[in-house]
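What follows is one structure encoded as structure tokens, with my remarks underneath.
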Amino acid sequence: MADADHETARRELVAGLRRRLDVDDRTLAALESVPRHAFVPERLQSRAYADRPLPIGHDQTISAPHMVAVMTDLLDVEAGDRVFEVGTGCGYHAAVVSEVVGPGNVYSVEYVPELAEAARDRLRRLGYDVTVRAGDGRTAFPDEAPFDAAYLTCAPTDGVPDPIVDRVRTGGRIVAPVGRAGAQRLVRLTVGDDGVDRENHGGVRFVPMQ
Ligand code: SAH
């Protein structure tokens with residue numbers, strides 16, 4: 001597929017999301033900017049603009065575009081906000097968020113070292129200034145906290161681990177799938193002075209957090 005065909009397919013995908021989802025224009029503009037086909041294995045590139053998850057190797061998947069749109073929107077971030085991502089995967093979601101908050105403001109950690117390295121190279125090649133580290137979301141980036149927002153693209157079974165909540169400033173948001181396989185919910189936490197506020201955003205399916 002030529003670049004122009006990818007661009008047309010991407011525009012159609014985003015037009016469909018605009019009709020179906022109640023999300024902000026800047027979220028949709030971000031999805032319209034990021035070349036999703038450049039984040040998936042070559043043999044799957046022709047399917048990059050279907051609203052589907054796709055395999056990215058190491059038993060992991062890139063989330064469906066509507067899920068990336070919904071989660072990015074729930075983060076409620078703006079240019080200049082600093083964001084912590086747990087689960088870089090191929091780097092697509094990080095690129096979308098980076099379009100919203102700007103260069104140098106997304107910090108992402110990935111458990112599988114090979115995925116972390118590939119995502120770091122890919123993001124750099126595509127011009128995204130995102131900091132990627134290999135490691136566990138529970139211990140990454142202590143030196144960069146506090147963040148304005150955080151999100152997980154893998155699901156912890158018993159709620160968002162405290163060390164991740166502790167990386168987010170008071171008033172900041174955390175968006176995450178939580179729960180066992182088959183019973184996961186998307187939640188948004190807002191960090192308060194004494195405890196967190198929790199909203200439910202429906203059933204979802206994510207890979208488990210390691
Ligand atoms: N946002 C990604 C989706 C990746 S799937 C994208 O756009 O492609 C979720 C990722 O979370 C997987 O790559 C998995 O390896 C990673 N992961 C699982 N447990 C983790 C942990 N404890 N710390 C960091 N990353 C983790």
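The analysis underlying the following values was restricted to heavy atoms, covering all of them including side chains, and did not include hydrogens, waters or symmetry mates. Whatever order the structure lists them in is the order used to number ligands and atoms, beginning at 1.
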Legend entry - side chain to side chain contact (heavy atoms under 4.5 Å, CB included), paired with Ile62, selected from Met67, Arg52, Arg36, His93: Arg36

Just jot down the ligand 1 atoms closer than 4.0 angstrom to any heavy atom of [X], in number order.
X      : value
Glu85  : 1 (N)
Arg138 : 22 (N)
Val207 : 9 (C)
Val109 : 24 (C), 25 (N)
Val86  : 23 (N), 24 (C)
Asp136 : 21 (C), 22 (N), 23 (N)
Val112 : 15 (O)
Gly135 : 23 (N), 24 (C)

[Y]/[X] salt bridge by N-O under 4.0 Å criterion:
X      : Y     : result
Asp51  : Arg19 : no
Glu144 : Arg82 : yes
Asp25  : Arg18 : yes
Arg26  : Asp76 : yes

For [atom], the protein heavy atom that lies nearest, with its residue and separation:
atom                    : answer
atom 23 (N) of ligand 1 : Gly137 N, 2.9 Å
atom 25 (N) of ligand 1 : Tyr111 N, 3.2 Å
atom 11 (O) of ligand 1 : Gly87 CA, 3.2 Å
atom 12 (C) of ligand 1 : Gln60 OE1, 3.2 Å
atom 7 (O) of ligand 1  : His93 N, 3.1 Å

Legend entry - From the candidates Met71, Glu110, Arg36, the one that places a heavy atom nearest atom 16 (C) of ligand 1: Glu110

Legend entry - Nearest candidate to atom 2 (C) of ligand 1, where distance is taken over non-hydrogen atoms, out of Val34, Ile62, Thr88, Val96: Thr88

Inset, instruction - Report whether Tyr151 and Val187 are members of the same hydrophobic cluster (ILVMFWY, side-chain heavy atoms less than 4.5 Å apart, transitive linking). - result: no

Legend entry - Parallel, tilted or perpendicular: ring planes of Phe39 versus Tyr128, cut at 30 and 60 degrees: tilted

Inset, instruction - Check each heavy atom of Gln210 against ligand 1 and say whether those closer than 4.0 Å belong to the side chain, the backbone, both or neither. - result: both

Legend entry - Per-residue contact class, Thr61 against ligand 1 - non-hydrogen pairs under 4.0 Å: backbone

Legend entry - CZ/Arg169: more than 12 non-hydrogen atoms of other groups inside 6.0 Å: yes

Legend entry - Residue pair Val83, Leu75: steps toward the side-chain contact (heavy atoms from CB on, under 4.5 Å) verdict: CA-CA 9 Å; Val83 182; Leu75 268 189; 4.0 Å; yes

Inset, instruction - Could you grab the distance from atom OG of Ser63 to atom CZ of Arg205, nearest 0.5 Å is fine? - result: 12.5 Å

Inset, instruction - Please assess His6 against Tyr49 for the test side chain to side chain donor-acceptor pair (under 3.5 Å), listing each intermediate value before the final yes or no. - result: CA-CA 8 Å; His6 283 305; Tyr49 297 105; 5.0 Å; no

